Each structure stands twice: as structure tokens, then as C-alpha cells.
Amino acid sequence: MSFSWAKHYEPKSDLTKWLDQRLPLPRLVYGAIGGGYPVPRNLNYFWNFGVLAGVALVMQIVTGIIMAMHYAPNALVAFDSTEHIMRDVNWGWMLRYAHANGASFFFIVVYIHIFRGLYFSSYKAPREMIWLLGLVIFLLMMATAFMGYVLPWGQMSFWGAKVITGLFGAIPLVGEPIQTWLLGGFAPDNAALNRFFSLHYLLPFVTAGVIILHIWALHIPGSSNPTGVEVKSESDTVPFHPYYTAKDGFGLGVFLILFCSVLFFAPNFLGHADNYIPANPLSTPAHIVPEWYFWPFYAILRAFTFDFFIVPAKLLGVLAMFASILLLFFLPWLDRSPVRSGNYRPLFKIFFGILVADVLLLGYLGGAPAEEPYVMLSQLGSAYYFAHFLIILPIISKIEKPKPLPYSITESVLGKDSSGMAGGPVLQPAE
Amino acid sequence: MAEQVTMNQDGTAAIESDGVRRRDFINIAAVSFAGVGGATVLIPLITQMAPSKDVLAQASTEVDVSAVEPGQAIKTVWRKQPMFIRNLTPAEIDAANKVDVGSLRDPQTLAERTLEGKTNWLVTLGVCTHLGCVPLGAAQGEVKGEFGGYFCPCHGSHYDTAARIRKGPAPTNLVVPEYEFLSDTVIKIG
Ligand code: HEM
Ligand code: FES
């Protein structure tokens, strides 16, 4: 782990020496996020988002645990207990708004984090495991957020639970029994609400565990960087502390300003008004949509309105939706270009831009009603999404001629690198 | 773990380290036993999630339909799920019978979906077979979709006057539950 020039922890006081011999926790911290962890010197602000995601998770856990002290997971009173948090509990409104908007900001941060990875190809060797674990975290987050949204037991909670568990009903033969088993009944009711609460409490801690593995895997090769050229010498790196603790701290300040602006001035902007109506199993809201962060996937789900051979439309939609995420697990092996950073890949850069636009479009369509022209656009958007990963990426990694890479990180920053290897011929990637 | 199986000519066990030893047998037996035991423990852990007795014990529902005029429908609840009971007009029955059954996604005639002699009473679950929303069209003033039956607003499934799927993502017709007429005006569902 880490580079040979990494500084070693030296306990100074008697107390820290005593501790170091018995439980070297300060040593672990020093080597992981302290002065003992050398990091590329050229990281830009896109590298802040991992830390921001961690902060978002902590905020969710803190606000969530507090709300769980006032919330009652029973279909008869869940809605009322949420309103009790909003109206009666001291500062309850703030905690609940912080939790609901915290989920949104968590997803914003994680989406930027993922697209950072896509642009700078952070998923490539030797960082595949970091990417795969990240996707596991993403799946856990989605499950957590979905179940959390059910808890207030409003109209969108109820119908969201019904539609999403209905996805399992699409599986041939065993689908319906699975759906009944998941819900513990024939429609969402007390049994479903209770188990969702139990799991909503559990999964964030599972997520925290996977995050530890994610960071462990990261600390083996260390962070990538905007050039995508690996660290070669000490002059390519700076210690995490104080350089990146400061930079991350600044980013965190900006993040908190944005978060508080929404939390205090537009707390319901990202939510849906129908969720302030108590759940009613007999009437579906006119326009049911999941939370905004699921919209791109929801658009893919709804794009399939036609049967294909013997596969019914319903199953196709469900398969496509799951495939759109599972596909990302194969990305390290689909993109074969040896160059990591999109900055040096002129062709890739263009298609990356189109992909971002496509996902934003799908996001918009997922929130739109199931009518034309939205359905047709969702079909085109979904087709492009899959084409990007399965056709376009493999082709451009073959035909593209990348720009020359700098010899080292130091050279890209200072214009020259006087460490070791004379002059440094420009490294040409193998074609 | 298991070394080369070599037995002595006379069939007696080879010296300790070769051959199938008693210990191998004990290992396999112990691990199998623990495996079966562990798997058995999963049964209660998994089935506790299935509907509990009180959920399953919901008795069948009886509904008085005397007030439902032709062209009207009512919504009731059965097993916590919405039910539609619709009194079809002759025109709606005609419309349903005119359709070429072979052209349907889920081919069924109106007669197959109703009770004999009671073809005007269409009793279905009010649960879209796509992802489970409640379709519109049962209550007064709700849109009935392009085929005059039900319309599911969630992802745009259209059902006809026999509640058969005609357009949109739903794979099958609205489900017809088991039911019977206790008298001319009382229906027992379930
Ligand atoms: C991965 C981290 C988490 C995410 C993404 C998340 C997401 C959500 C969401 C979207 C809601 C619905 C908000 C609303 O519309 O009112 C919610 C509700 C809730 N969550 Fe979480 N949550 C997380 C962690 C936790 C934790 C650790 C707890 C601790 C028990 C918790 C407890 C609750 C409670 C009690 C509610 C119901 C009150 C309410 O609806 O506001 N959450 N969560
Ligand atoms: S649930 Fe009815 S169309 Fe999707």
C-alpha cells in the first residue's frame, strides 16, 4: 500500500506511543487520510465528490437515526408520525427536510462522482475493483432511498412501492409469488412498511461497510488524476493532509451552502406534492413518478411498449432497466483504450458529451407523463444509452488516435520534470 | 485435503496419510450435516416474509350491486386490492363482442370473462397488470381510454369494455377473480 516515499507515522507523546503499540488507530488514519498518504498533486475539483458523498452518508445516518426516535412504522400512523415530526418535534421539520433533501444531494454528488469516473476512465486497470465496489454502493443507495421514500406513507410512497415491487411481478412464472413475498401481502400494507423500515435502517450501515472496502481498494494503486498518467516519483504527489484536507474542506463549504439554500428556501422543490396526501390504495395519483434521481432508469423502463418475439413488453422494460446499471459492471472490459483521461481522447470526449446529454434527456423523460412524444424519445434515448457502451465505446477505443500524453504529472503541471529519466520522451500509448 | 487413495493389497487401511481416512469421512459428514442444518434454518428466515395468517384470512367479500345501473361501475376492496364491478350497456357488450379475439394480446372473449347469463356484469381486479396501478374508468367522469373500458395513467395501458388489454405495456387482461352471484343483486368475491 502507498508509495515508498510515504511518510511514516511517528507518535510523539507518551500517550500516543502507548496507544500505537496497543491499537494503532491513529497510524491507520495518518496513512489513509493524513500526511502519510501521498496523492497526485494535480487533482481537480471533480476529485472532491468522493469525500462529499461520504459526508452526505453521515448526514443521512445522523438525521435518520434521530427521526427514527419519533417515527412509527405502522400503516395506521406512519403518515401522522411524519407530520408529527414536521409540526410538533422540536426542529423536526429541519431534520426531515435535511434527510429528504440530503438524499437528493447524495445522489447529485454520486452522479457527478460516477461521471467523473466515466470521463477520466477511473474504472480501468488497476482500479477495476474500486469501480465495481462503487456500483455496489450505488445499488445499495438506490434500494435505501426507495425504501425510505415509502416510510412517510403518502400517496407517492404507496404507489411507488406498488410499482417498484410490481417490477418483480414481470419475472415469468415466479414473479407474482416473489412480489407477494416481498410485500408480505397482496398490496403494500403494514407488513411491507415494517420490513422497509427495518431494511432502510440497516442498508446505510452496509453501505458504510462497502465504502470502507471501496477506499481500501483505492489506497492500493492510489487516486488516478486528470492526466491519467500514473504517479512516477515523489514530485508527482503531495501528502493528503494538509493539501487535500484543505481542498476537500473548501469543496464541502460550497456544497453545504448549496445544500442549505435548498433546505431552507426550497425544501419541497425536489419532492412531489402528492406525498403530502395519505396513502390511498383505491386511487392512483394521476401522474405517478419516482423521485427525480430514478428518472433516467424509469424512462428506460417505460420505453418498452411493444413485445419482442415472445418476450412481453413488461419484462423487456424491467430487464432493460436492470441491464442499464449492470452494464456498467462490464465497463472496465468494454473500453479497451489504453489512455485513461478523456482530455487526451478527442473522439471519446465528443461521445462522452453526447452520453451526458442523453442521460439528462432520459432524466427529463422519466419525469414526463407516459405520452407521445415522450415515449418515442425515451425509446431513442434508451437505445443510444446502450449503443454508447456496447457499440460506440469499443469502436472508438480501436479507431481513435489519442493526443500525446505528458511524461509525468509533474511535467503536466510544471512544463518539465527534472526527476530521474532525462528529458522524458513523450509516452505514446500502444495503439 | 484428501491424499492419493492407496489401499493395501489386503484391503486394510493404508498408513495414516494416504487413502481415505476415517477423518475424511467425519469431515464430509460433519460439513454436510452443518450444511443441511444451515439451509433448514433459512426456511423460517425466508418464509416469515410471506403473507401472515391474518393477511391470508381475509374472508371473501359480498357486494350488493342492485344500485349499479347499466353504464355504471363501482369500486370495492377485496384482499386490500381494488375491485371493479361494472354493469355493461348493450352497446358496450356489442363493442366487446365485435373484436377479433385472435388479434388480442391476451385472447379471451367477453363470455369467457363473465358468468353465463350475466354477461353484462364485468367483475375484475382494479389492478393494472403492468405494474399494479389502479386504472381509471370505474368512477363517474374518469377517462376510459381509447377503447372505452379502463385507462391506466401510470404508463398508458388501455383496456376495452371487456377489460382486455388493447394498447400499452400491460401484458394481460385485468384479472377476473373467482366470484358467484348469491342472488340477483349480491355478488360474493373469493
Ligand atoms: C443511504 C442513506 C439514506 C438515504 C439515501 C435515505 C433516504 C431517505 C428518503 C428519500 C426518505 C423519504 C424522505 C421523505 O420524503 O420524507 C427517508 C425517510 C426516512 N429515513 Fe432515510 N435515508 C438514509 C439513511 C437513513 C438512516 C441511517 C436512518 C436511520 C434509521 C433513516 C431513517 C429514516 C426515517 C425514520 C424516515 C421517515 C421519515 C421521513 O419520511 O422523512 N434513513 N430516507
Ligand atoms: S401500471 Fe398500468 S400501465 Fe404501468
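What you are looking at is a predicted structure, and each value in this text was computed from that prediction instead of being measured.
- No other option in B:P171, B:P135, B:G156 has as many heavy-atom pairs under 4.5 Å with chain A as B:P171.
- Nearest heavy-atom pair across A:F196 and A:L151 is C-CD2, 4.2 Å.
- When heavy atoms are compared at a cutoff of 4.5 Å, A:F158 does not approach chain B at all.
- Highest contact tally toward chain B, considering only A:R195, A:Q179, A:H287, A:R302, is held by A:R195 [criterion: heavy-atom pairs under 4.5 Å].
- In terms of heavy-atom pairs under 4.5 Å with chain A, the best-connected choice from B:A138, B:A50, B:A170 is B:A50.
- For B:H155 and A:Y298, the distance between ring centers is under 6.0 angstrom.
- Cysteines B:C154 and B:C133: SG-SG separation is under 2.5 Å.
- Under the 3.5 Å distance criterion, the side-chain polar atoms of A:N190 are matched with a main-chain donor or acceptor of A:A75.
- Residue B:L136 does not touch chain A at all, counting heavy-atom pairs closer than 4.5 Å.
- In this structure, the side chain to side chain contact (heavy atoms under 4.5 Å, CB included) partners of A:F297, at least two apart in sequence or on a different chain, are A:Y111, A:F138, A:M142, A:M321, A:S324, A:I325.
- Only the backbone of A:F304 comes within less than 4.5 Å of a heavy atom in chain B; its side chain stays farther off.
- For A:L301, the part lying under 4.5 angstrom from a heavy atom of chain B is the side chain only.
- If you measure heavy-atom distances from B:K80 to chain A, the contacts under 4.5 Å come from both the backbone and the side chain.
- For residues 180-190 of chain B, every residue pair satisfying the salt bridge (charged side-chain N to carboxylate O under 4.0 Å, His left out) rule, not counting sequence neighbours, is listed here: B:K118-B:D184, B:E180-B:K188.
- The backbone N or O of A:I300 lies less than 3.5 Å from no partner atom in the side chain of A:S378, so there is not a single donor-acceptor pair.
- B:T129 touches chain A through its backbone: at least one of N, CA, C or O sits under 4.5 Å from a heavy atom, while the side chain does not.
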